[in-house]
**Student:** 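This is the structure, below, for whatever I ask next.
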Amino acid sequence: MRNLKYLFILLAGSFLTLIHGCRKDEDINPSTPTEVDDGKEVEEGDIVGFFLLNEGNMGSNKASIDYFDYETGIYHRNIYAERNPGVVKELGDVGNDLQIYRDKLYAVINCSNLVEVMNVETLQHITQISIPNCRYIAFKDDHAYVTSYAGEVGLDPNARLGYVARIDLNTMTVKDTCVVGYQPEELVVAGDKLYVANSGGYRFPDYDNTVSVIDLNTFEEKKKIEVAVNLHRLQLDNYGNLWVSSRGDYYGSESKTFVIDTNTDAVTDTLHLVPNENMTLCGDSLYIYSAEWNWYLGINTISYAIINTSTKKVVTRSFIKDGTESEIVLPYGIAVNPESGEFFVTDATDYVTPGRLHCYGRDGIRKWSVTTGDIPAHFAFTRTKLKPLDE
C-alpha cells in the first residue's frame, strides 16, 4: 500500500495477519524460473543478482519475493515460498520495503505488522520483529530504524502521531521509539541525524507537511522542517542534499520535488515541474517517475525524468528511449544497477493481477521483461550468491 489513492481502493478488503506453523508438503508453491537473459560471468564482489518484493493486494496475504540471477540470466518468481515451506501465509499482507544489511535481508510487511528477517545467502526465515503498521527501514551501525503509523490501517482525521522504532540488531528486538509526525514514510540516515518524511495520509485532507529530524545520539526528535503536504520519498545525494517527494493532495496541490541542505536543515530548492511518485539515485543521476492521480479527472498522468543532483537541473524527461513506456500501465517501482547502469521499471497493472518488470540498458532500450508477483515494487541488489536449495 503506497498512497492515499491505493488506500481508498482497497480499504474494503479484510486485513489479515501472518500466522506461523507447519504446512503440508502439497501446499508448498515452488518458484517459477524464467530465462530472460543470456547470463554473464560474475566476479567476486560484483552484484550477482537482485531480490524484488511484490507488495500484493491489501488484504490478500500475497506479498512475495522474486529473484534474478545475473550469472544464469534466470528470473525466479515467488522464491520465498519455496525456501520457507514452514511459514504459513508466506510473507504476509503488503510488502512495503526491502533492504539488505550485512548478511541479512529485511522485508517490511505493512499490514501484517512485522519485519521479516532472512538469511541473504539462503533466503530462509530467521526471525520476525513486531512493529504495528510498519512502513520503511534504514540502518546505521548495530541498529535498524523502522517507521510506524502506530495506529490501525484506515482513514481517520484523529489518527495518532507515528513513530520510529529503533531495533537492536544483536538481539533483533525493539529497544526504543521516537515519536515523529503523522503517518511517517521513508527515512534516511545522514551522519548522526535521521530524516523522516511525514505524510499525514490517514488524516486526509489535513495532511502533514514536515520532515522530522532525529538526533541518533539521543534518539530524540530535534526539529521538524516544513516542506509540503503528503511527503513520501527521500534520497540523500553525494553533496549532503536530501531530495524529498511530495505527492500533493490529488486535487489542486500538485506533486513536486524538494531539496533540503542537511548541513542547515533548510529547504533550498523546489522543482515545480518535476512530479515525484518514486525516485532512485545512481551517482549524480536521480531517476524519477510519477503516476500523478487527479480525482477531478479520474486519471493518472505518467511522467519520467532524470535530474542531475550536482546542477539540480533536469537532464531528460524521457529516459525510456524506445517507446516501450507506452506498454507500462502503472509504473510502481524503479531501481538502477550501480555497476552496469541498467535500470528497471515495474508495472503494477491493475493492482490485483501479476505485474511486469522491464529491464533497460543505460541507453534506455529495453533488454527484457518478465511477469512478476502482484504489485512489484521494492528492489535489493545483492553481492552474495544465493545458494541452491540442496546445499
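Hydrogens, waters and symmetry mates play no part in the numbers below; they use all other heavy atoms, side chains included. When a residue number appears, it is its place in the shown sequence, counting from 1.
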**Student:** Which heavy-atom pair separates S253 from V229 by the least distance, and what is that distance?
**Tutor:** OG-CG2, 3.8 Å
**Student:** Just so I know, are the side chains of T270 and K256 near enough to count as touching, which here means a heavy-atom distance under 4.5 Å?
**Tutor:**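 With C-beta onward as the side chain, the pair touches.
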**Student:** Does the side chain to side chain contact (heavy atoms under 4.5 Å, CB included) test come out yes or no for R77 and T34, once each step is laid out?
**Tutor:** CA-CA 8 Å; R77 184 179 168 195; T34 303; over 6 Å; no
**Student:** Per the side-chain contact (heavy atoms from CB on, under 4.5 Å) rule, which among F344, Y289, Y304 passes with I334?
**Tutor:**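 One option only clears the test, and that one is Y289.
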**Student:** Run the side-chain donor-acceptor check on residues 322-331: report pairs under 3.5 Å with partners two or more places apart or on a different chain.
**Tutor:**
residue, atom, partner, partner atom, Å
D322, OD1, T324, N, 3.1
D322, OD1, T324, OG1, 2.6
D322, OD2, R366, N, 2.8
T324, OG1, Y360, OH, 2.7
S326, OG, G323, O, 2.9
E327, OE1, R366, NH1, 3.0
E327, OE1, R366, NH2, 3.1

**Student:** Answer whether the closest heavy-atom distance between the side chains of L281 and D237 falls below 4.5 Å.
**Tutor:** yes
**Student:** Quick one: closest heavy-atom pair of S130 and V174, and the distance?
**Tutor:**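 Closest approach of S130 to V174, heavy atoms only: O-CG2, 4.3 Å.
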**Student:** Pick one: which of V189, V196, L187, D192 meets side-chain contact (heavy atoms from CB on, under 4.5 Å) with I214?
**Tutor:** V196
**Student:** Between S112 and I109 (side chain of the first, backbone of the second, donor and acceptor by atom type, cut-off under 3.5 Å), is there such a pair?
**Tutor:** no
**Student:** Is the Y250 to F204 ring centre distance short of 6.0 Å?
**Tutor:** no
**Student:** Under the 3.5 angstrom rule, does the side chain of N133 hit a backbone N or O of G151 as a donor-acceptor pair?
**Tutor:**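 Looks like yes, one N/O pair under 3.5 Å.
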**Student:** If I compare all heavy atoms of P33 with all of I74, which pair ends up nearest, and what's the gap?
**Tutor:**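 Looking at all heavy atoms of both residues, the closest pair is CB-CG2, 3.8 Å.
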**Student:** Same cluster or not: V146 versus M118, using hydrophobic residues (I, L, V, M, F, W, Y) connected whenever any side-chain heavy atoms lie under 4.5 Å apart?
**Tutor:**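 Different hydrophobic clusters.
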**Student:** Evaluate the criterion side chain to side chain contact (heavy atoms under 4.5 Å, CB included) for residue pair R135 and D97; output intermediate values, then yes/no.
**Tutor:** CA-CA 7 Å; R135 301 293 292 172; D97 197 12; over 6 Å; no
**Student:** Within the 4.5 Å heavy-atom criterion, are R83 and L389 side-chain neighbours or not?
**Tutor:**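 Counting from C-beta outward, R83 and L389 do come under 4.5 Å.
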**Student:** From the options I79, N84, L52, N78, select the one residue that forms a side-chain contact (heavy atoms from CB on, under 4.5 Å) with I65.
**Tutor:**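 Single pass found, and it is I79.
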**Student:** Enter the distance from M172:CE to N170:CG here, rounded to the nearest 0.5 Å.
**Tutor:** 8.0 Å
**Student:** Can you tell me if E339 has over 12 outside heavy atoms packed within less than 6.0 Å of its CD?
**Tutor:** yes
**Student:** May I ask you to check whether Y332 and N278 show a side-chain donor-acceptor distance below 3.5 Å?
**Tutor:**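 No donor-acceptor contact under 3.5 Å links the two side chains.
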**Student:** Just by distance, with hydrogens left out, do T173 and D168 show a side-chain donor and acceptor under 3.5 Å apart?
**Tutor:**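 Distance-only check fails for T173 and D168.
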**Student:** Under 4.5 Å side-chain heavy-atom separation, chaining through any Ile, Leu, Val, Met, Phe, Trp or Tyr, what else clusters with V267? Say none if it is isolated.
**Tutor:** V188, Y195, V211, V213, I225, V227, L231, L234, L236, L242, V244, F258, I260
**Student:** Tell me whether the centres of the aromatic rings in F68 and Y70 are closer together than 6.0 Å.
**Tutor:** yes
**Student:** Between E220 and K222 (salt bridge meaning N to carboxylate O under 4.0 Å), is one present in this structure?
**Tutor:** yes
**Student:** Between Y101 (side chain only) and D141 (backbone N and O only), is there a donor and an acceptor less than 3.5 Å apart?
**Tutor:**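 Here the side-chain-to-backbone pair exists.
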**Student:** Determine whether a donor-acceptor pair (N or O, by modelled atom type, separation under 3.5 Å) exists between the side chain of T262 and the backbone of G240.
**Tutor:**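 Confirmed, T262 side chain pairs with G240 backbone.
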**Student:** Among residues at least two apart in sequence or on other chains, which ones pass side chain to side chain donor-acceptor pair (under 3.5 Å) with S310?
**Tutor:** none
**Student:** Start with the C-alpha distance between I375 and Y351, add both sets of side-chain angles, then the distance that settles side chain to side chain contact (heavy atoms under 4.5 Å, CB included), and finish with yes or no.
**Tutor:** CA-CA 6 Å; I375 316 181; Y351 288 127; 3.8 Å; yes
**Student:** Identify the two heavy atoms, one from S148 and one from I131, that lie closest to each other, and give their separation to 0.1 Å.
**Tutor:** CB-CG2, 3.8 Å
**Student:** Out of the candidates E186, E185, E254, only one should pair with R247 under the salt bridge (charged side-chain N to carboxylate O under 4.0 Å, His left out) rule; please name it.
**Tutor:**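 When E186, E185, E254 are each tested with R247, the salt bridge (charged side-chain N to carboxylate O under 4.0 Å, His left out) holds only for E185.
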**Student:** State whether the side chain of E90 and the backbone N or O of A81 hold a donor-acceptor pair below 3.5 Å, judged by distance alone.
**Tutor:** no
**Student:** I need the minimum non-hydrogen distance between P376 and R356, along with the two atoms involved.
**Tutor:** CG-O, 4.0 Å
**Student:** Go through N230 and D249 one step at a time and tell me if the side-chain hydrogen bond (donor to acceptor under 3.5 Å, both in side chains) criterion holds.
**Tutor:** CA-CA 7 Å; N230 199 7; D249 64 4; over 6 Å; no
**Student:** For Q124 and Y80, does a side-chain donor sit closer than 3.5 Å to a side-chain acceptor?
**Tutor:** no
**Student:** Is it the case that one hydrophobic cluster holds both V370 and L98, taking links as side-chain heavy atoms less than 4.5 Å apart, direct or via other members?
**Tutor:** yes
**Student:** As a test of understanding, state which of T372, D374, N54 forms a side-chain hydrogen bond (donor to acceptor under 3.5 Å, both in side chains) with S64.
**Tutor:**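 The option that passes is N54.
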**Student:** Centres of the Y145 and F219 rings: under 6.0 Å?
**Tutor:**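 Judged by ring-centre distance (under 6.0 Å), Y145 and F219 do meet the cut-off.
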**Student:** May I ask whether Y251 and Y207 are part of the same hydrophobic cluster, defined by side-chain heavy atoms of I, L, V, M, F, W, Y residues being less than 4.5 angstrom apart, directly or through others?
**Tutor:**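 Per the 4.5 Å side-chain linkage, Y251 and Y207 are co-clustered.
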**Student:** Just wondering, do T382 and L105 contact through their side chains at under 4.5 Å, heavy atoms?
**Tutor:** no
**Student:** For the residue pair T309 / N241, report whether a side-chain donor-acceptor contact shorter than 3.5 Å exists.
**Tutor:**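 The answer is no; no qualifying pair exists.
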**Student:** Would you say P184 and S212 make side-chain contact, with heavy atoms under 4.5 Å?
**Tutor:** no
**Student:** What verdict does the side chain to side chain contact (heavy atoms under 4.5 Å, CB included) test give for Y136 and H232, after you've listed the backbone C-alpha separation in whole Å, the side-chain angles of each residue and the deciding distance to 0.1 Å?
**Tutor:** CA-CA 10 Å; Y136 293 93; H232 187 194; 2.9 Å; yes
**Student:** Describe, in one word, how the ring planes of F51 and Y67 are oriented to each other, choosing from parallel (under 30°), tilted (30 to 60°) and perpendicular (over 60°).
**Tutor:**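 It falls in the tilted class, 30° to 60°.
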**Student:** Quick check on the hydrophobic clustering: are I167 and Y163 connected, directly or via other members, by side-chain heavy-atom contacts under 4.5 Å?
**Tutor:** yes
**Student:** For T257, enumerate each residue passing the side chain to side chain contact (heavy atoms under 4.5 Å, CB included) test, keeping only those at least two apart in sequence or located in another chain.
**Tutor:** W243, L271, V274, N276, I288
**Student:** Side chains of E55 and H378: do they bring a donor and an acceptor to under 3.5 Å?
**Tutor:** yes
**Student:** Who pairs with R203 by side chain to side chain donor-acceptor pair (under 3.5 Å), at least two apart in sequence or on another chain?
**Tutor:**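 If we apply the side chain to side chain donor-acceptor pair (under 3.5 Å) test to R203, skipping adjacent residues, there are no hits.
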**Student:** Can you give me the closest heavy-atom contact between G333 and T346, atom names plus distance?
**Tutor:** N-OG1, 2.7 Å
**Student:** Looking at D38, I'd like to know if its CG atom is crowded, meaning that more than 12 non-hydrogen atoms belonging to other residues, nucleotides or ligands lie closer than 6.0 Å.
**Tutor:**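 Result for CG/D38: open.
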**Student:** Among K367, K40, R362, which residue satisfies the salt bridge (charged side-chain N to carboxylate O under 4.0 Å, His left out) criterion with E342?
**Tutor:**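 Only match with E342 under salt bridge (charged side-chain N to carboxylate O under 4.0 Å, His left out): K367.
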**Student:** Decide side-chain hydrogen bond (donor to acceptor under 3.5 Å, both in side chains) for D284 and Y239; before the verdict, give the C-alpha distance in whole Å, the side-chain angles of both, and the deciding distance to 0.1 Å.
**Tutor:** CA-CA 9 Å; D284 285 350; Y239 308 97; 2.6 Å; yes
**Student:** Who passes salt bridge (Lys or Arg N to Asp or Glu O under 4.0 Å) against R317, sequence neighbours left out?
**Tutor:** none
